[in-house]
Protein chains: 2
Amino acid sequence: MTAARTVRGRGAGRPTLEEVAARAGVGRGTVSRVINGSPRVSDRTRAAVEAAVAELGYVPNRAARALAANRTDAIALVVPETETRFFAEPYFSEVVRGVGQALAETEMQLLLTLVGSDRERRRLAQYLTGHRVDGVLLVGVHADDPLPELLEQLDMPVVISGPRSEDEPLASVDSDNFAGARAAVAHLVARGRRSIATITGPLDVYGARRRLDGYRAALAEAGLPAAPHLISPADFTEEGGRGAMADLLGRAPEVDAVFAASDVMASGARQVLRERGRRVPEDVSLVGFDDSAIARHMEPPLTSVRQPIEEMGRAMTELLLAQIAAGEPSRPRLVLPTELVVRSST
Amino acid sequence: MTAARTVRGRGAGRPTLEEVAARAGVGRGTVSRVINGSPRVSDRTRAAVEAAVAELGYVPNRAARALAANRTDAIALVVPETETRFFAEPYFSEVVRGVGQALAETEMQLLLTLVGSDRERRRLAQYLTGHRVDGVLLVGVHADDPLPELLEQLDMPVVISGPRSEDEPLASVDSDNFAGARAAVAHLVARGRRSIATITGPLDVYGARRRLDGYRAALAEAGLPAAPHLISPADFTEEGGRGAMADLLGRAPEVDAVFAASDVMASGARQVLRERGRRVPEDVSLVGFDDSAIARHMEPPLTSVRQPIEEMGRAMTELLLAQIAAGEPSRPRLVLPTELVVRSST
DNA sequence: ATCACGACTGGGAGCGCTCCCACCCCGGGG
DNA sequence: CCCCGGGGTGGGAGCGCTCCCAGTCGTGAT
């Protein structure tokens, strides 16, 4: 523990490019070229520089690099804290994990930005305007959130998880909500169910609409009617699921299967079914969506549609990095497959 | 120069300190003083500068500031990805939320760093050595993790969640595992249970040891024996909980209550109890720890010890910010209270 | 031998801030 | 009336990098 170090404070004493250059007997420019992998350096020189770097334990100063090169080597993951659906288990941790994986190979840093209040939202806007990140990953935005518009104006690279509509202008990665819902309902049909109801998410959410579309498609394919009284919209919450289930039971007592557009809502529905003496799966089959921990621990364990969330995080990041590398926003739209996980609730 | 600006693409055109100064008719130093809230500025000047800042929409360039001031205004949240216990629900999202809250009032950024492989761990070490953050929040480290040692050597501000031992040298924030466990077991005693077993976590984890201590204390206070055959160690996993429960049932068939040191293990135990025809809570009372989503959705809902995780995240951050502000590492040790959430499993 | 032309290389000129020293100006004491 | 001391202020000197423009060499062609 050197006294000098302590006195000079944190960050002092780290070798600089200049020192590496001196040590290697070359110029600053050459060291920079080696560090950044430029091909226009002779092998001999490169070796010398690399040796000096190793001996000195040189680590480039990020701030200096950012200032000089006008880039930050950082991306932001923006999470609206109010949107509990995305912040809640398991979305958040899995997305982060996927993002982390994609970033592991790069020099990029991940900035985590939670936006709660409107004040924080404004601050974020200012933030991004200040170009403190090279790109933005946006998860769980509401249809009426002004953030995407703002980002589009700034023309900063952005990837959004879950397009807000059929013609989302931003690059996006989504799971195949339509196919997932269709598979879930087809599975119920295969189990011999005939009065298949659905509890939907808020229909101003694109993904929720897609799940409803999938439900309808599967019924149509099976030649079953998609009677309006078998469709009950809720809000992705447990309480909403309870309400919707009670509703369905009142309107359609003959119901023998329910496709809930989220596990949490399925859990609410399950409670009501139990209260009303309907057995699962004997009387009513139940399918959820998300394949969360809740599904695995429900009684009986819940059949559910798994979304490849981690992979979505990875894909979003790769798309974003590609945009940043290309230097211009592109607008690809990726849809990842879902998978039906069958458990004993059906 | 104008052309050059355009060529530089994104990030060009943002007003600089210099431009604000010109606009306000003052010098750079003065603007800097206003921005940083120095008191040595006359009111008239301050007003003029603030007006110019507003008109130009000036946002300080973080990289330049970091370079000049040798600080980054960023802290890192380091999460070992392998430690599933902390990365898993609900820890991770809640900690992050708490951290976010504490940071909302400040200008600090949050860097999220997942360390999986040893290679990534080395990279992180280099990272921190490069002083790219002002401080580190370390969650879910194992007893044998070299990271804390490293950070201590760098004498960089650090706060750790969950001390690794009774004499943790680093600043730490923890929940009161001892009191939580004691309360849980006391509650079982109050319910009239007499053969109270426990499924512990890995005993090289300090928190797991503390929970076991709490279990013992409660039994001692109730004048009940803490027979060794009522203690079965596991590893915080569901499978571990299953094994430990099977074990207990073999060794102590008279068991009428189980305190599991995590909800996940309680869930495993619950499955075994069901398989063996033991009813919960009639035959065996069951208590978990964490009060996670699993607890709420178990059948019957699980009585569990709630930890104030979000608050822990907040406290950790506040401790860290204080350390950074003080310019020197301090070593406070904070223990936050737990709360027993009683449900129908007891 | 001369010339042109790549392949490499050195280092000046910033990037936008903070730090800090010098300076200005004004009131009060000698 | 001069000097001193502070509050207030301007701006030079970097912080450690990247960019890019001049070189400096060899080399093959002429």
Side-chain angles (χ1 to χ4, degrees), chain A residues 8-49 52-53 56-73 107 130-132 134, chain B residues 1-49 52-53 56 58-73 107 130-132 134:
Chain A
R8 288 169 61 205
R10 282 198 312 271
R14 306 246 23 105
T16 69
L17 239 210
E18 193 92 45
E19 296 175 54
V20 174
R23 174 100 180 198
V26 301
R28 255 178 22 254
T30 302
V31 177
S32 176
R33 253 160 266 157
V34 171
I35 299 289
N36 295 293
S38 156
R40 315 178 77 62
V41 180
S42 72
D43 290 346
R44 241 167 51 80
T45 309
R46 165 169 290 115
V49 170
V53 165
L56 262 32
Y58 171 73
V59 181
N61 179 314
R62 217 181 180 89
R65 181 177 272 182
L67 181 59
N70 192 39
R71 62 184 157 83
T72 63
D73 285 338
E107 284 283 277
H131 293 285
R132 308 221 273 220
D134 294 340
Chain B
M1 189 31 83
T2 322
R5 270 198 121 83
T6 308
V7 169
R8 285 177 53 226
R10 282 199 311 276
R14 306 248 21 105
T16 69
L17 240 210
E18 192 93 46
E19 296 174 56
V20 174
R23 175 99 178 199
V26 301
R28 253 177 25 251
T30 301
V31 177
S32 177
R33 253 160 270 160
V34 171
I35 299 289
N36 294 294
S38 157
R40 314 177 81 58
V41 180
S42 71
D43 290 346
R44 240 168 52 78
T45 309
R46 166 169 289 112
V49 170
V53 165
L56 261 32
Y58 171 73
V59 181
N61 178 315
R62 216 179 180 92
R65 180 178 272 180
L67 181 59
N70 192 39
R71 60 184 158 82
T72 62
D73 284 340
E107 284 284 278
H131 292 284
R132 311 223 268 223
D134 294 339

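Computed from a prediction, not measured in an experiment: that's the story for all the values here.
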Inset, instruction - Ignoring backbone atoms, establish whether B:T30 has a side-chain N or O less than 4.0 Å from OP1 or OP2 of D:dG8. - result: no
Legend entry - Short side-chain N/O contact to C:dC8 OP1/OP2 from A:R40, under 4.0 Å: no
Legend entry - N or O in side chain of B:S42 less than 4.0 angstrom from D:dT9 OP1/OP2: yes
Inset, instruction - Side chain of A:A68 only, please: which of C:dG14, C:dC19, C:dG16 is the nearest? - result: C:dG14
Legend entry - Of the listed nucleotides C:dT18, D:dG10, D:dT9, the one nearest the side chain of B:V26: D:dG10
Legend entry - Spacing between B:R44 atom CZ and D:dG8 atom C1', to the nearest angstrom: 12 Å
Inset, instruction - Could you check how far CG of A:D43 sits from P of C:dA7, rounded to whole Å? - result: 14 Å
Legend entry - Rounded distance (Å) that lies between atom P of D:dT18 and atom CG of B:N61: 16 Å
Inset, instruction - Please tell me which of the listed nucleotides, C:dT9, D:dT9, D:dG16, lies nearest to the side chain of A:L67? - result: D:dG16
Legend entry - Whole-Å gap separating C1' (D:dG12) and CG (B:L17): 15 Å
Inset, instruction - Map B:P39 and B:A64 onto DNA chain D by nearest heavy atom, then report which one ends up closer to the 5' terminus. - result: B:P39
Inset, instruction - Supply the atom-to-atom distance B:L67 CG to A:N61 CG, rounded to the nearest 0.5 angstrom. - result: 6.0 Å
Inset, instruction - Measure from CZ on B:R14 to C1' on C:dG16 and round the result to the nearest Å. - result: 13 Å
Inset, instruction - Would you indicate what A:R33 reaches in the nucleic acid, counting non-hydrogen atoms under 4.0 angstrom: base, sugar-phosphate, or nothing? - result: base
Inset, instruction - Using only side-chain N and O atoms of B:R65, determine if any of them is under 4.0 Å from OP1 or OP2 of C:dT18. - result: yes
Legend entry - Phosphate OP1/OP2 of C:dT18 contacted by B:N36 side-chain N/O (<4.0 Å): yes
Legend entry - Heavy-atom donor-acceptor pair, A:R28 side chain to A:E19 backbone, under 3.5 Å: no
Inset, instruction - In whole angstrom, give the distance that lies between atom CZ of A:R46 and atom P of C:dT9. - result: 9 Å
Legend entry - Whether B:N36 side chain and B:S38 backbone form a donor-acceptor pair below 3.5 Å: no
Inset, instruction - Check whether any side-chain N or O of B:R62 sits under 3.5 Å from a backbone N or O of B:D73 as a donor-acceptor pair, and report yes or no. - result: yes
Legend entry - Rounded distance in Å - CG (A:N70) to C1' (D:dC19): 12 Å
Legend entry - Euclidean distance, atom CD of residue B:E18 to atom P of C:dG16 [Å, nearest integer]: 10 Å
Inset, instruction - Would you state whether a donor and an acceptor, one from the side chain of B:R62 and one from the base of C:dG16, lie under 3.5 Å apart? - result: no
Inset, instruction - Ignoring backbone atoms, test whether A:S32 places a side-chain nitrogen or oxygen under 4.0 Å from the OP1 or OP2 oxygen of D:dT18. - result: yes
Inset, instruction - Report yes or no: does A:T72 contribute a side-chain atom to a donor-acceptor pair with the main-chain N or O of A:D134 at less than 3.5 Å? - result: yes
